[in-house]
Amino acid sequence: MQDGIIQDSMKGIANIADNPYKHLQKIAGELDNYDTRDKIDRVLDELDFIHELIDPEAQSMVSQVTKTLMERYRALA
């Protein structure tokens with residue numbers, strides 16, 4: 001069972017690494033779906049990874065989405 005989880009995780013990471021801009025766009029388009037702390041935690045990890053992959057000029061977009069999600073996270077406390 002553990003191997004399946006690890007393989008799924010690696011596939012997800014590979015998909016993000018292949019096209020971080022597309023994944024950022026997907027996250028931004030689904031912001032309303034991130035309505036629990038667990039969902040927000042997972043996507044914040046993805047955003048941290050994306051931030052490291054994209055050009056510095058585009059990192060402000062990641063920061064903007066992260067800020068929005070952090071505000072929502074705090075509101076759910």
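Counting non-hydrogen atoms of neighbouring residues, nucleotides and ligands closer than 6.0 angstrom, the CD atom of Gln59 exceeds 12 such neighbours.
Judged purely by atom type and a 3.5 angstrom limit, Asp55 has no side-chain atom pairing as donor or acceptor with the backbone of Ala58.
In this structure, Met70 and Leu44 approach most closely via the heavy-atom pair SD-CD1, 3.4 Å. Shortest non-hydrogen contact noted between Asp35 and Leu76 is O-CD1, 3.7 Å. Taking each heavy atom of Ala28 and Val65 in turn, the nearest pair found is CB-CG2, 4.3 Å. When every heavy atom of Ile50 is checked against every heavy atom of Ile16, the shortest pair comes out as CG1-CG2, 3.6 Å. Nearest heavy-atom pair, Leu53 versus Ala17, reported as atom, atom and distance to 0.1 Å: CD1-CA, 3.8 Å.
In this structure, the separation between OG1 on Thr66 and CD1 on Ile40 is 11.5 Å, given to the nearest 0.5 Å.
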For this session: Go through the steps for Leu69 and Arg74 under the test side chain to side chain contact (heavy atoms under 4.5 Å, CB included), then give the verdict.
Result: CA-CA 9 Å; Leu69 288 170; Arg74 285 187 209 100; over 6 Å; no

For this session: Would you please test Leu24 and Met61 for side chain to side chain contact (heavy atoms under 4.5 Å, CB included) and show each step?
Result: CA-CA 8 Å; Leu24 175 60; Met61 292 183 288; 4.0 Å; yes

For this session: Would you check, one step at a time, whether the test side chain to side chain donor-acceptor pair (under 3.5 Å) holds for Tyr34 with Asp41?
Result: CA-CA 9 Å; Tyr34 305 117; Asp41 274 337; over 6 Å; no

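Between Pro20 and Glu52, the closest side-chain pair of non-hydrogen atoms is not below 4.5 Å. When side chains are defined from C-beta on, Arg42 counts as touching Asp38, because their heavy atoms get closer than 4.5 Å. Taking the side chain as every heavy atom from C-beta outward, Glu46 and Ile27 approach each other to under 4.5 Å.
Relative to the six-membered ring of Tyr73, Arg37 meets both conditions, a distance below 6.0 Å and an angle of at most 45° to the axis.
The pair Glu30-Lys26 counts as a salt bridge, with a side-chain nitrogen and a carboxylate oxygen less than 4.0 angstrom apart.
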